[in-house]
Amino acid sequence: MAIEKYLVTSALPYANGDLHIGHLAGAYLPADIFVRFQKLLGNDVIYICGTDEHGTPISIKADQKKVPPRKIVDKYHRRIKSVFAGLNFCFDNFSGTARPVHYKISRQFFTNLYKNGYITTHTNKQLYCPHCKRFLPDRYVEGECPFCHSKEARGDQCDACGKLIDAIQLINPVCITCGHNPIIKETTNWFLNLPKFSDKLKKWIESKTEWKDNVKKFILGWLKSGLKERAITRDLDWGVPVPIENAKGKVIYVWFEAPIGYISSTIEWAERIGQPEKWKDYWFDKDRKLIHFIGKDNIPFHTIIWPAVLMGQDEDYILPYDVPANEFLNLEGRRISTSRNWAVWVNEYLEDFSADPLRYYLAANAPENKDCDFVWKEFQEKYNTDLANILGNFVNRVLKFSDKNFNHEIPFPTKLSAKNKEILEDISSVRDNVKQFYKTFKVRKACKSIIDLARFGNQYFDKTSPWTTIKSNPDTTAEAIYICGEIIRNLAIMIYPIIPSSAERLWNMLNFDKSILEYGWDGLLVEQNNPIKIGKIETLFEKIPDDIIEKQIQKLKGNNIMTKEESKETIDFETFKKLDLRIAEIISAEKVKNADKLLKLKIAVGDNIKQIIAGIAKHYAVEDLIGKKILIVNNLKPTIIKGEKSEAMLLAAVDGEKLTLLIPDKDIPEGSKVL
RNA sequence: GGCGAUGUAGCUCAGUUGGUUAGAGCAGUGGAAUCAUAAUCCAUUGGUCCGGGGUUCGAAUCCCUGCAUCGCUACCA
């Protein structure tokens with residue numbers, strides 16, 4: 001059989017925070033399973049990854065903590081790497097984008113595109129801080145909002161009125177790092193001319209008929225709205241310097257250089273194994289299949305921008321062969337949110353569990369075609385039932401029985417009944433199915449087929465009831481146990497990509513002279529024709545007790561109590577007195593046209609009738625509002641929202657998805673002051 | 001509002017190109033067995049396949065439409 005060649009990558013994790021289960025389910029576990037499977041097949045494959053170490057969020061964090069960015073990056077690089085090790089991920093190389101080899105090749109990539117005419121320049125005005133001597137990214141500036149005149153607008157958006165703003169529109173802008181006033185200055189940035197690649201990209205994508213449906217849908221949507229030039233440089237000091245004469249203080253924009261990390265990490269790998277030219281076998285070989293595992297949020301970059309960047313090079317880099325993007329993983333019915341700490345952090349998980357329960361649950365419940373839900377109770381149940389009860393117990397009962405009755409061996413029978421031969425064939429077809437599932441990224445189905453085989457094993461064991469036949473007919477008993485042994489041998493190898501360390505422990509009980517990987521998938525094709533010596537029998541899967549699961553659920557709920565309270569500056573009473581807070585009564589309500597969240601309310605405040613626009617349509621029905629007495633800011637400057645006048649602002653308490661109006665405890669006339 | 005998806009048993013989901021009587025796991029109920037991690041195995045209850053139209057000899061599957069939920073996006077917070 002011809003050897004197939006693969007190059008597998010997972011999205012580079014951002015070195016600005018820890019990993020949670022959503023990351024794993026989306027990009028890392030599916031890739032690891034795929035790579036282990038390919039290694040079992042004996043194919044030529046390497047698995048490449050590393051941390052993504054540039055970008056504004058890292059810069060900001062570094063400034064806030066008054067440490068160099070590299071320190072932040074190194075810290076998370078270490079943490080991420082150790083978490084991956086704890087989960088048994090088999091990267092061939094795990095690099096980082098702040099290393100010299102990456103700088104070199106990124107600059108080369110940029111230069112080639114530039115030279116080949118794929119890069120344009122545009123000049124625009126931006127804020128520049130003379131004190132810090134640098135241009136300020138949007139989030140580095142605060143000032144007065146040009147629309148509502150709130151004093152705390154950020155450079156990209158005003159939290160008070162919600163409007164998106166351009167930083168240069170800010171009135172009296174302030175640099176958040178030094179507190180000085182920035183000035184407006186012209187700056188030039190470089191843009192990738194994506195439209196130039198349009199035709200080539202379309203043609204290429206159309207040839208990808210085998211790609212997952214969700215991926216194709218996503219790309220088509222993108223192409224339909226048309227490709228635009230995209231800025232690929234930024235005015236920052238943390239990043240890969242732009243390799244052009246007059247580009248001091250400019251770095252290559254992080255989304256442009258991050259995927260190049262796949263290449264620089266491969267180069268690093270080649271150097272590490274002492275064959276510095278070998279990376280070229282991976283990036284220039286037309287027969288090599290390049291597979292990017294990513295989450296769905298990354299689809300446009302990997303299927304449009306990144307291929308365009310590769311197309312624009314001098315050398316013939318291979319393009320992605322497949323991009324099996326996964327959907328998102330929710331947690332206990334809600335979207336994972338790092339800022340609200342609604343997440344299961346992998347490093348915390350590893351304090352209480354080993355790798356395999358999580359690997360198994362995330363594989364069996366992988367968000368392959370649609371978003372999926374991680375539920376702790378289900379995690380426990382799935383693991384306890386499938387692995388401990390069905391698979392673990394099957395292995396245990398067979399090995400113990402055989403150990404006791406067949407002289408510490410799984411016997412090799414003198415003959416096989418027709419029925420049993422048929423069963424061997426059935427096992428073989430399960431094996432073919434599972435192989436096909438792995439190959440086409442259908443890990444859920446692979447899991448199911450494997451556990452079904454273990455189930456079958458239990459049925460078979462019960463039906464043949466060797467514990468009775470052993471007394472009367474040792475020969476047929478030996479046959480039955482042999483079949484069970486064959487099932488176990490197959491199970492061990494087939495499940496290895498998903499739960500490698502458990503599979504290896506099982507393998508060790510069977511005393512083969514080769515490791516699972518050396519034995520390989522094809523080792524299964526060879527019928528076992530010697531007795532198998534049974535080693536020390538140990539419990540494969542300890543059940544997860546209720547209290548540990550309870551602890552996790554409690555921890556999650558506890559985490560979610562507002563850990564990150566944004567602190568606002570204290571104000572004096574005079575400032576507070578400026579607010580005219582009032583009770584108002586809603587006298588009419590209707591939906592605003594062309595807006596899902598907005599309601600137009602008429603309210604009575606004292607002698608006045610005012611109109612306000614409020615974003616509460618998702619939380620309150622029109623008919624439930626009329627007659628309600630609510631709290632408003634009466635003297636907020638009027639504004640126009642969606643073409644409708646809004647003359648005051650309604651106050652409501654908000655917690656994530658929840659929203660509630662503030663209603664007086666006792667009845668009180670509308671117009672009453674709130675103090 | 002635009003784009004995309006989803007809706008099948010109490011729960012989680014399979015159902016490939018339309019083809020007998022719509023399936024699995026978990027939970028429930030009844031039973032068997034005692035080799036085994038009180039694990040296993042067998043039987044069984046449970047469904048207007050979201051509603052309504054249409055195409056067809058035949059629709060969970062294809063088309064139209066309505067409703068509900070979710071994601072992205074816009075308005076907004």
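Letters A, B, ... mirror the listed sequences (proteins, then strands); counts begin at 1. Basis for what follows: all heavy atoms, side chains included, without hydrogens, waters or symmetry-related copies.
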Distance between C1' atoms of B:rU65 and B:rC75 (Å, rounded): 28 Å

If B:rA74 has a Watson-Crick or G-U wobble mate with both distances under 3.5 Å, name it; if not, just say none. none

Distance, rounded to the nearest Å, where A:Phe394 contributes CZ and B:rA38 contributes P: 17 Å

Roughly how many Å apart are B:rA9 and B:rG1, using the C1' atom of each and rounding to a whole number? 37 Å

Tell which nucleotide pairs with B:rU56, taking only Watson-Crick or G-U wobble pairs whose two distances are both under 3.5 angstrom. none

If you measure from the P atom in B:rA59 to the same atom in B:rU73, how many Å do you get, rounded? 41 Å

So, A:Tyr482 versus A:Phe412, ring centres under 6.0 angstrom or not? yes

With stacking defined as ring centroids separated by under 5.5 Å and planes differing by under 30°, is A:Trp467 stacked against B:rC35? yes

If you measure from the P atom in B:rA27 to the same atom in B:rC63, how many Å do you get, rounded? 38 Å

Rounded at 0.5 Å granularity, tell me how far CG in A:Asn420 sits from CD in A:Glu486. 11.0 Å

Under 4.0 Å between a Lys/Arg side-chain N and an Asp/Glu carboxylate O for A:Lys400 and A:Asp403? no

Determine whether more than 12 heavy atoms belonging to other residues, nucleotides or ligands lie under 6.0 Å from atom NZ of A:Lys377. yes

For B:rC35, take OP1 and OP2 only and decide whether either is under 4.0 Å from a side-chain N or O of A:Asn405. no

Given the C1' atoms of B:rU61 and B:rU56, what is the spacing between them in whole Å? 13 Å

Using a heavy-atom cut-off of under 4.0 Å over every strand shown, decide if A:Glu378 touches base, sugar-phosphate, or nothing. sugar-phosphate

Pair assignment for B:rU44, Watson-Crick or G-U wobble, requiring both distances under 3.5 Å: B:rG28

Once you round it to whole Å, what is the distance between P of B:rC35 and CG of A:Asn458? 15 Å

Give the nucleotide from the list B:rU37, B:rG71, B:rC13 with an atom nearest to the side chain of A:Lys296. B:rG71

Figure out the OH/C1' separation between A:Tyr361 and B:rC26, and round it to whole Å. 12 Å

Give one of base, sugar-phosphate or nothing for A:Phe461, where a contact means two heavy atoms less than 4.0 Å apart. base

Whole-Å distance between B:rG4 P and A:Ile299 CD1? 15 Å

Residue pair A:Ile534 / A:Glu409: nearest heavy atoms and the distance that separates them: CD1-C, 3.8 Å

Provide, to the nearest angstrom, the distance between the CG atom belonging to A:Leu391 and the P atom belonging to B:rU40. 12 Å

Rounding to an integer number of angstrom, what distance separates B:rA32 and B:rU16 when you compare their C1' atoms? 37 Å

Between P on B:rU40 and CG on A:Asn396, what's the gap in Å once rounded to a whole number? 13 Å

Output the rounded distance in Å from CG (A:Asn330) to C1' (B:rA5). 14 Å

Using a 4.0 Å heavy-atom cut-off, does A:Lys445 contact any base of the nucleic acid, only the sugar-phosphate backbone, or nothing at all? sugar-phosphate

Taking B:rA24, B:rU37, B:rC35 as options, the one with an atom nearest any side-chain atom of A:Lys448 is B:rA24

Looking across every strand, which nucleic acid part, if any, lies under 4.0 Å from A:Leu540 by heavy atom: base, sugar-phosphate, or nothing? base

Classify the side-chain pair A:Asn365/A:Tyr361 by whether it contains a donor and acceptor separated by less than 3.5 Å. yes

Determine the Euclidean distance between corresponding C1' atoms of B:rC49 and B:rU8; express it in Å to zero decimal places. 4 Å

Can you find a donor-acceptor N/O pair under 3.5 angstrom joining the side chain of A:Asp462 to the base of B:rA33? no

When the C1' atoms of B:rU40 and B:rU34 are compared, how many Å lie between them, rounded to an integer? 10 Å

